[in-house]
Amino acid sequence: MKTKVGLWIDHKKAIVVAVTDKGEEIGMIISKVEKQPRRSGDSPLKGHYESAQVPASDRRQRVLTGHFNIYYDAVIACIRDAESILIFGPGDAKGELKKRLKKNNLGGRIVGIETADKMTDRQIAAKVLKYFQK
(Lines give C-alpha, C1' and ligand atoms only; values in the text may rest on other atoms or scores of the structure.)
Protein backbone atom coordinates (compact mmCIF):
# COMPACT_ATOMS: atom_id res chain seq x y z
CA MET A 1 0.00 0.00 0.00
CA LYS A 2 1.42 3.37 -1.02
CA THR A 3 1.36 6.14 1.58
CA LYS A 4 1.66 9.78 0.67
CA VAL A 5 2.13 12.30 3.45
CA GLY A 6 1.46 16.01 3.60
CA LEU A 7 3.00 17.82 6.53
CA TRP A 8 2.22 21.33 7.76
CA ILE A 9 4.96 22.27 10.21
CA ASP A 10 6.16 25.16 12.33
CA HIS A 11 8.21 25.22 15.53
CA LYS A 12 5.13 24.67 17.73
CA LYS A 13 3.35 21.77 16.06
CA ALA A 14 3.17 19.53 13.02
CA ILE A 15 -0.03 18.36 11.35
CA VAL A 16 0.50 15.11 9.45
CA VAL A 17 -1.99 14.00 6.79
CA ALA A 18 -1.38 10.46 5.53
CA VAL A 19 -3.17 9.53 2.31
CA THR A 20 -3.51 5.81 1.56
CA ASP A 21 -5.76 3.59 -0.53
CA LYS A 22 -8.09 3.42 2.49
CA GLY A 23 -8.45 7.20 2.83
CA GLU A 24 -6.82 9.92 4.88
CA GLU A 25 -5.63 10.05 8.45
CA ILE A 26 -4.74 13.23 10.33
CA GLY A 27 -2.31 13.34 13.24
CA MET A 28 -0.66 16.06 15.30
CA ILE A 29 2.75 16.30 16.93
CA ILE A 30 3.19 19.03 19.53
CA SER A 31 6.61 20.56 20.12
CA LYS A 32 7.69 21.11 23.70
CA VAL A 33 10.07 23.87 22.59
CA GLU A 34 9.86 27.16 24.43
CA LYS A 35 11.41 29.80 22.16
CA GLN A 36 11.90 32.49 24.80
CA PRO A 37 12.93 31.01 28.13
CA ARG A 38 11.36 32.83 31.02
CA ARG A 39 13.62 34.55 33.47
CA SER A 40 13.31 33.57 37.07
CA GLY A 41 13.62 35.92 39.98
CA ASP A 42 12.69 39.54 40.42
CA SER A 43 12.01 41.86 37.54
CA PRO A 44 14.47 44.70 36.92
CA LEU A 45 11.81 47.10 38.14
CA LYS A 46 11.45 45.35 41.49
CA GLY A 47 14.99 44.36 42.27
CA HIS A 48 18.37 43.20 41.09
CA TYR A 49 18.95 40.70 38.34
CA GLU A 50 21.78 38.32 38.93
CA SER A 51 23.50 37.04 35.82
CA ALA A 52 23.29 33.49 37.21
CA GLN A 53 19.47 33.62 37.02
CA VAL A 54 19.56 33.73 33.21
CA PRO A 55 21.39 30.90 31.42
CA ALA A 56 24.16 31.89 29.03
CA SER A 57 22.88 32.27 25.47
CA ASP A 58 25.04 29.44 24.08
CA ARG A 59 23.71 27.11 26.77
CA ARG A 60 20.16 28.23 25.98
CA GLN A 61 20.80 27.59 22.30
CA ARG A 62 22.08 24.06 23.00
CA VAL A 63 18.98 23.31 25.05
CA LEU A 64 16.75 24.73 22.32
CA THR A 65 18.55 22.69 19.65
CA GLY A 66 18.13 19.55 21.77
CA HIS A 67 14.39 20.15 22.06
CA PHE A 68 14.10 20.73 18.30
CA ASN A 69 16.05 17.50 17.64
CA ILE A 70 13.54 15.55 19.75
CA TYR A 71 10.63 17.24 17.96
CA TYR A 72 12.02 16.61 14.46
CA ASP A 73 12.86 12.99 15.35
CA ALA A 74 9.23 12.46 16.41
CA VAL A 75 8.02 13.95 13.12
CA ILE A 76 10.41 11.79 11.10
CA ALA A 77 9.32 8.66 12.98
CA CYS A 78 5.72 9.46 12.04
CA ILE A 79 6.43 9.93 8.31
CA ARG A 80 9.32 7.47 7.81
CA ASP A 81 7.23 4.93 5.86
CA ALA A 82 5.83 7.47 3.40
CA GLU A 83 6.62 7.06 -0.27
CA SER A 84 6.06 10.78 -1.01
CA ILE A 85 6.30 13.71 1.38
CA LEU A 86 4.93 17.22 0.86
CA ILE A 87 6.18 19.74 3.43
CA PHE A 88 4.57 23.15 3.89
CA GLY A 89 4.10 25.81 6.52
CA PRO A 90 5.37 29.19 7.67
CA GLY A 91 8.89 29.96 8.86
CA ASP A 92 12.10 27.96 9.00
CA ALA A 93 10.84 24.65 10.34
CA LYS A 94 10.23 23.16 6.88
CA GLY A 95 13.82 23.79 5.78
CA GLU A 96 15.19 22.46 9.06
CA LEU A 97 13.10 19.30 8.67
CA LYS A 98 14.24 18.91 5.05
CA LYS A 99 17.87 18.88 6.23
CA ARG A 100 17.04 16.27 8.87
CA LEU A 101 15.24 14.10 6.30
CA LYS A 102 18.27 14.26 3.97
CA LYS A 103 20.52 13.29 6.89
CA ASN A 104 18.27 10.25 7.48
CA ASN A 105 18.41 9.28 3.78
CA LEU A 106 14.76 10.25 3.28
CA GLY A 107 15.38 13.41 1.23
CA GLY A 108 14.56 11.66 -2.04
CA ARG A 109 10.97 11.17 -0.90
CA ILE A 110 10.29 14.91 -0.64
CA VAL A 111 8.07 15.89 -3.56
CA GLY A 112 7.59 19.54 -2.63
CA ILE A 113 8.24 22.27 -0.11
CA GLU A 114 5.86 25.22 -0.03
CA THR A 115 5.33 28.27 2.12
CA ALA A 116 1.86 28.39 3.67
CA ASP A 117 0.31 30.48 6.39
CA LYS A 118 -1.61 29.15 9.38
CA MET A 119 -4.33 26.72 8.31
CA THR A 120 -7.03 24.64 9.95
CA ASP A 121 -6.70 20.86 9.99
CA ARG A 122 -9.39 20.55 7.32
CA GLN A 123 -7.63 23.10 5.09
CA ILE A 124 -4.37 21.19 5.49
CA ALA A 125 -6.08 17.88 4.62
CA ALA A 126 -7.79 19.43 1.59
CA LYS A 127 -4.48 20.88 0.33
CA VAL A 128 -2.72 17.52 0.71
CA LEU A 129 -5.52 15.61 -1.05
CA LYS A 130 -5.57 18.12 -3.91
CA TYR A 131 -1.76 17.98 -4.27
CA PHE A 132 -1.63 14.19 -4.48
CA GLN A 133 -4.64 13.92 -6.87
CA LYS A 134 -2.58 15.50 -9.64
Side-chain angles (χ1 to χ4, degrees):
M1 181 172 12
K2 297 178 180 180
T3 302
K4 298 173 182 175
V5 169
L7 175 70
W8 182 96
I9 187 167
D10 67 6
H11 285 142
K12 294 180 182 177
K13 69 179 179 177
I15 306 294
V16 181
V17 179
V19 180
T20 64
D21 298 336
K22 296 179 180 179
E24 68 182 73
E25 187 177 316
I26 300 174
M28 182 186 309
I29 301 167
I30 302 290
S31 166
K32 304 255 191 263
V33 177
E34 185 178 323
K35 274 294 242 188
Q36 297 295 327
R38 294 194 176 96
R39 298 173 184 244
S40 60
D42 296 329
S43 77
L45 300 174
K46 292 181 181 176
H48 297 288
Y49 262 109
E50 292 183 32
S51 61
Q53 290 180 323
V54 180
S57 69
D58 60 333
R59 182 171 154 238
R60 247 191 323 229
Q61 187 59 45
R62 281 194 308 270
V63 169
L64 190 63
T65 300
H67 287 301
F68 279 134
N69 288 341
I70 293 167
Y71 173 54
Y72 291 138
D73 287 346
V75 172
I76 290 170
C78 188
I79 64 174
R80 181 173 296 283
D81 297 331
E83 162 190 287
S84 304
I85 303 168
L86 170 66
I87 304 170
F88 57 104
D92 298 330
K94 29 182 207 306
E96 293 166 2
L97 180 64
K98 178 183 176 182
K99 288 179 190 173
R100 296 286 298 232
L101 286 167
K102 285 184 176 183
K103 234 169 128 177
N104 285 284
N105 298 320
L106 299 171
R109 299 181 190 181
I110 300 171
V111 295
I113 295 185
E114 300 177 6
T115 300
D117 206 0
K118 295 211 180 271
M119 302 170 79
T120 66
D121 292 0
R122 293 306 324 152
Q123 288 172 323
I124 293 167
K127 179 177 178 67
V128 171
L129 287 172
K130 183 177 178 183
Y131 185 89
F132 286 118
Q133 284 178 349
K134 292 180 186 175

Handout entry: side-chain contact (heavy atoms from CB on, under 4.5 Å) between Lys4 and Thr20, worked out
Key = CA-CA 7 Å; Lys4 298 173 182 175; Thr20 64; over 6 Å; no

Practice task
Begin with the C-alpha distance, continue with both residues' side-chain angles, and end with the deciding distance and a verdict on side-chain contact (heavy atoms from CB on, under 4.5 Å) for Val19 and Leu129.
Solution key: CA-CA 7 Å; Val19 180; Leu129 287 172; 3.8 Å; yes

Exercise for the section: Might you work through the side-chain contact (heavy atoms from CB on, under 4.5 Å) test for Val111 and Tyr131, ending with a clear yes or no? Expected result: CA-CA 10 Å; Val111 295; Tyr131 185 89; 3.7 Å; yes

Exercise answer: donor-acceptor pairs, residues 112-121 side-chain atoms, under 3.5 Å, sequence neighbours excluded:
unit_1 : atom_1 : unit_2 : atom_2 : d
Glu114 : OE1    : Lys127 : NZ     : 2.7
Thr120 : OG1    : Gln123 : N      : 3.1
Thr120 : OG1    : Gln123 : OE1    : 3.4

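Annotation for Ala14 and Leu7: closest pair CB-CD1, 3.9 Å, computed over non-hydrogen atoms. When every heavy atom of Ala125 is checked against every heavy atom of Val17, the shortest pair comes out as CA-CG2, 4.0 Å. The two atoms that bring Ile29 and Ala74 nearest to each other are CD1-O, 3.8 Å, heavy atoms only. Nearest heavy-atom pair, Ser84 versus Phe132, reported as atom, atom and distance to 0.1 Å: CB-CE2, 3.8 Å. Between Gly89 and Lys94, the closest heavy-atom pair is O-NZ, 2.9 Å.
A single hydrophobic cluster is seen to contain both Val5 and Leu101, as judged by linkage of ILVMFWY side chains at heavy-atom distances under 4.5 Å, directly or through other members. Both Leu86 and Ile15 are part of a single hydrophobic cluster, where members link through side-chain heavy atoms under 4.5 Å apart. In the hydrophobic clustering of this structure, Ile110 groups with Ile76; members are Ile, Leu, Val, Met, Phe, Trp, Tyr whose side-chain heavy atoms approach within less than 4.5 Å, directly or through other members. Under a hydrophobic-cluster definition in which Ile, Leu, Val, Met, Phe, Trp and Tyr are linked whenever side-chain heavy atoms come within less than 4.5 Å, directly or via other members, Ile26 and Ile79 are assigned to different clusters. Linking ILVMFWY side-chain heavy atoms closer than 4.5 Å, directly or via other members, places Ile87 and Ile124 in two distinct hydrophobic clusters.
Summarising the geometry, atom OG belonging to Ser31 is positioned 12.0 Å from atom NZ belonging to Lys13; distances are rounded to the nearest 0.5 Å. In this structure, Arg80 CZ and Thr3 OG1 are separated by 14.5 Å, a value rounded to the nearest 0.5 Å.
Comment: Glu24 engages Arg122 in a salt bridge, judged by a side-chain N to carboxylate O separation of less than 4.0 angstrom.
Take Asp81 and apply the side chain to side chain donor-acceptor pair (under 3.5 Å) test, not counting sequence neighbours, and it matches no residue.
Judged by distance alone, with hydrogens and angles left aside, the side-chain atoms of Asn104 form no donor-acceptor pair with the main-chain N or O of Leu106 at under 3.5 Å.
Counting heavy atoms from C-beta outward, Phe88 and Ile9 have side chains that stay 4.5 Å or more apart.
The side-chain contact (heavy atoms from CB on, under 4.5 Å) test with Leu97 singles out one residue from Phe68, Tyr72, Tyr71, and that residue is Tyr72.
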